[in-house]
Amino acid sequence: MTPAQMKDAILHHLVYTLGKDAAHAQTYDWRMALSFAVRDKIVDRWFEATRRTYAGQHKRVYYLSMEFLIGRLLKDAIINMRLEEAAIDALQELKVDYQAILEDEPDAALGNGGLGRLAACFMESMSTIGCPAMGYGIRYENGLFRQRFENGRQVEEPEDWLSQRHAWEFERPEVSIDIGFGGHVQEIGKRANWYPSEMLIAMGHDTPIIGWRGRWGNTLRLWEARPMHGFDLQRFNRGDYAAAAEPEALARTLSRVLYPDDTTEQGKELRLKQEFFFTSASLRDILRRFESEYDDLRLLPKKAAIQMNDTHPAIAGPELVRLLVDERGIDFEEAVGIARNTLSYTNHTLLPEALERWDEGLMGRLLPRHLQLIFRINELHMKDVGTRKVTAVDDGHVKMGELSFIMAHRVNGVSALHTELMKSTVFKDLHELHPNRIVNETNGVTPRRWLLSCNPRLSTLITDAIGDDWVDDLEQLEKLEPHIDDAAFLESYAAAKRQNKNDLANWIAEKLEVGIDPEAIFDVQIKRIHEYKRQHLNLLETIAHWLEIRDNPNQGWVPRVKIFGGKAAPGYVFAKEIVRLTNDVAKVLNSDPLTSRYLKVVYPPNYNVSLAEKLIPASDLSEQISTAGKEASGTGNMKFALNGALTIGTLDGANVEIREHVKPENFFLFGMTADEVMERRRIGGHAGQAIAADPRLARAIEAIRAGRFSPDDPGRYHGIVDNLVHHDYFVVCSDFTDYWRAQREVDTAFAAPKDWARMAAFNTARSGWFSSDRTIRGYMADVWHAEAAPTVEDAAG
Ligand code: F58
């Protein structure tokens with residue numbers, strides 16, 4: 001597409017799709033016009049891919065996920081279609097600011113964190129590889145809440161990405177599926193009829209996901225909940241307006257918000273309903289498509305692979321069995337076999353509190369037929385394996401992890417360490433019974449978004465050095481290694497980082513009114529706020545370091561800016577205190593005339609995908625400091641290494657593999673191993689001992705306790721202090737001393753800029769293995785047994 005054609009297309013959409021005259025168009029209008037112009041090009045590719053999938057009778061992969069954290073789509077689409085030059089030139093002629101347009105797009109925040117972002121990277125990689133696939137999820141009207149700080153406290157506001165028209169989706173009213181809840185079951189012989197007492201409709205919305213060079217496009221189908229019947233005209237006519245609208249409002253609640261706080265009973269019920277809603281709609285859509293092409297249901301596992309992203313779609317097991325047995329007359333045992341050979345399950349956490357369990361009473365009330373089938377599936381499994389030791393129903397609860405395991409032919413962890421821990425802890429018994437079922441698929445990230453698009457300076461430098469094949473084959477980055485010995489290359493590498501840091505410093509000055517020194521170490525911890533991720537370990541080190549600088553302000557300290565980003569779950573009190581403490585610490589440190597040129601803390605609010613795209617290319621140091629054994633993988637850790645930030649981290653999740661790839665000398669390791677953590681915890685008073693042994697730690701904790709960061713309310717953080725001193729389940733205190741040591745090594749290393757640049761460049765060169773293309777190829781080979789389809793030729797840029 002030439003710039004002139006692009007300009008025509010933009011103007012065409014501006015006038016005929018948006019009904020706007022160029023003279024009056026606002027940023028929003030231009031953004032929509034550009035989006036539609038790009039979308040037109042995508043649609044042709046997308047249709048072609050769908051036609052080829054049907055024609056080639058290819059096996060399809062279905063990725064069922066409660067979350068897809070896709071972020072903005074316009075730049076992604078432009079880059080993958082290679083339309084950037086055309087767009088920039090066309091907009092320049094139209095005197096419209098390209099960057100401003102990109103920034104105008106709201107993030108689609110349909111996820112909480114890593115799990116949802118992984119699903120988004122996978123969608124992009126499946127399209128790039130040409131794996132015929134479809135993502136299924138919920139079209140939340142309000143995605144993850146927007147975070148604001150008020151006097152340092154987190155305030156949650158509803159996120160409203162759909163308040164403006166969404167340019168990327170196609171409404172599919174013809175894809176409307178009835179979903180039932182409650183009611184009763186009538187058994188007739190081996191089958192049963194379920195008569196739900198409540199019905200609503202799942203309506204599909206399709207977003208095309210285009211791969212690199214536009215060679216393939218898959219669909220993300222998100223379900224919207226709609227009422228079965230419009231509003232009640234009789235009640236309306238009687239003047240009872242609120243009651244007339246009630247059924248509609250109730251139905252819509254199902255796709256209203258992402259993961260509502262489930263601390264209340266109503267919240268729990270809503271979440272289970274959401275899970276069944278999207279899973280059932282997706283399965284019925286899958287079966288409908290399958291039956292339009294084949295007439296033997298035993299072929300299902302050959303033609304469809306259904307991936308359960310965590311246990312949120314775990315009801316897929318019993319629901320698929322129900323659809324086969326009750327609605328298609330297949331024998332129960334055969335149905336279980338078909339379902340199991342079609343389904344697979346990814347586990348993302350070992351934290352006991354995060355493993356889903358549903359109260360049998362609640363399940364029986366909402367899904368009476370499914371509860372019956374769960375009991376039968378469980379009995380059949382116990383009969384097959386000849387033991388009653390492992391069970392999916394226990395103590396009045398349905399354990400969704402066990403149910404998923406039993407109903408899947410493959411179960412995978414998301415990093416080597418996590419997979420081993422799955423085998424030895426949560427799924428120990430099941431693993432012994434099914435030793436070939438658990439496999440590892442270490443996570444990855446898409447290099448299109450997480451390098452090519454977010455870091456144009458580094459991307460250009462790489463392409464100048466080794467050509468652009470790295471974009472489809474990230475392991476080509478190893479070809480950079482010989483260049484690392486070239487002083488000019490290394491200088492350009494450092495210059496690209498420097499410019500990215502300047503941009504970030506300007507942005508922070510403008511948005512947060514905090515001045516930071518681009519020469520300082522940009523030390524970044526961005527992720528959800530959680531005790532196991534240990535933002536408080538980072539804070540303790542920050543405070544200890546600050547106190548030490550104060551003791552001796554003229555000692556020539558290596559300047560550092562600690563950047564935090566992340567949201568706390570609305571009901572997670574401890575995490576919210578960490579948020580507030582971070583802001584309080586920032587306030588005190590940034591205004592300390594003695595120390596602020598050496599140490600600052602910034603915490604931009606509302607961390608999301610777009611902010612990550614700004615922060616990661618400008619980072620020097622990546623904080624991956626979770627308690628060993630607790631972070632299943634991490635994916636931020638990969639994005640940082642790829643963009644040339646060095647990691648300070650524990651032997652946890654994928655850090656272990658990152659360190660092996662980038663080599664131990666280019667990684668700042670500290671802390672106990674997962675085994676050592678478990679042993680340490682057995683020692684009574686382990687935290688007290690660690691505090692007594694390290695005066696720096698004792699002083700930092702005392703500063704918090706004495707109210708140095710909350711002088712108006714000295715007791716504010718006694719909860720955190722008590723937790724650290726008396727419980728410290730996440731062994732923050734016991735890891736502090738080694739963390740401090742590693743941080744001082746960072747200072748020393750950063751003071752030698754050439755060596756630092758070499759280490760950083762080595763991280764980039766050795767991060768190719770962490771592409772989600774590699775991960776998807778692993779799933780295709782080990783889990784889905786699916787092959788890539790022959791792709792369409794390159795989209796003309
Ligand atoms: C994350 N899980 C893991 N869960 O914590 C992280 O180590 C891993 O890299 C990532 O998955 C991808 O495998 C995660 O993000 C959630 O967000 C939960 C979703 C359901 C509600 C509670 C949080």
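Side chains included, hydrogens not; waters and symmetry mates left out as well; all remaining heavy atoms used. In listed order, ligands and their atoms are each counted from 1.
Remark: Tyr572 engages His530 in a ring pair (Phe, Tyr, Trp, His ring centres under 6.0 Å) (not counting sequence neighbours).
With hydrogens and angles disregarded, a donor-acceptor distance shorter than 3.5 Å links the side chain of Thr627 to the backbone of Phe730. Panel note: side chain Arg410, backbone Tyr345; no donor-acceptor pair is recorded below 3.5 Å. For Glu159 (side chain) and Trp161 (main-chain N/O), a donor-acceptor pair under 3.5 Å exists by modelled atom type.
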Pair Phe574-His536, ring-ring contact (aromatic ring centres under 6.0 Å, His included): steps then yes or no: CA-CA 10 Å; Phe574 192 90; His536 47 333; 5.6 Å; yes
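In summary, the atoms of ligand 1 found under 4.0 Å from a heavy atom of Tyr259, numbered by their order in the structure, are 21 (C), 22 (C). Close contacts between ligand 1 and Ala632 involve ligand atoms 7 (O) [criterion: under 4.0 Å to a heavy atom]. Per-residue contacts place Glu67 under 4.0 angstrom from the following atoms of ligand 1 (heavy atoms of the residue considered): 19 (C), 20 (C). Of all atoms in ligand 1, listed by their number and element, those nearer than 4.0 Å to a heavy atom of His312 are 19 (C), 20 (C). The contact set between ligand 1 and Tyr532, taken as ligand atoms under 4.0 Å from a residue heavy atom, comprises 5 (O).
Between Arg681 and Asp728 no salt bridge is recorded (no basic side-chain N to carboxylate O distance below 4.0 Å). Using a cutoff of 4.0 Å between basic side-chain nitrogens and carboxylate oxygens, Arg448 and Asp773 are scored as salt-bridged. Between Arg117 and Glu67 there is no salt bridge, since no side-chain N of the basic residue sits under 4.0 Å from a carboxylate O of the acidic one.
Heavy-atom distances between Arg117 and ligand 1 stay at or above 4.0 Å for every pair. The shell of residues lying under 4.0 angstrom from ligand 1, judged by heavy atoms, excludes Gly653.
Among all protein heavy atoms, the one lying closest to atom 4 (N) of ligand 1 is Leu115 CB, 3.8 Å. Given atom 7 (O) of ligand 1, the protein heavy atom at minimum distance is Glu631 OE1, 2.6 Å.
The stretch residues 608-663 participates, sequence neighbours left out, in these ring-ring contact (aromatic ring centres under 6.0 Å, His included) pairs: His661-Trp769, His661-Phe770.
Between Gly634 and ligand 1, a contact under 3.5 Å exists for at least one N or O pair. For ligand 1, the polar-atom distance check finds no N/O of Val414 at less than 3.5 Å from any of the ligand's N/O atoms.
Taking a distance limit of 4.0 Å, we find that atom 12 (C) of ligand 1 is approached by some protein heavy atom. Using a 4.0 Å threshold on non-hydrogen atoms, atom 23 (C) of ligand 1 does not count as touching the protein.
At a heavy-atom cutoff of 4.0 Å, ligand 1 is contacted by no atom of Thr349, backbone or side chain. The proximity of Asn112 to ligand 1, defined as any non-hydrogen pair under 4.0 Å, is limited to the side chain.
Taking the six-membered ring wherever Trp is involved, the centroid distance between the rings of Tyr532 and Tyr729 does not fall below 6.0 Å.
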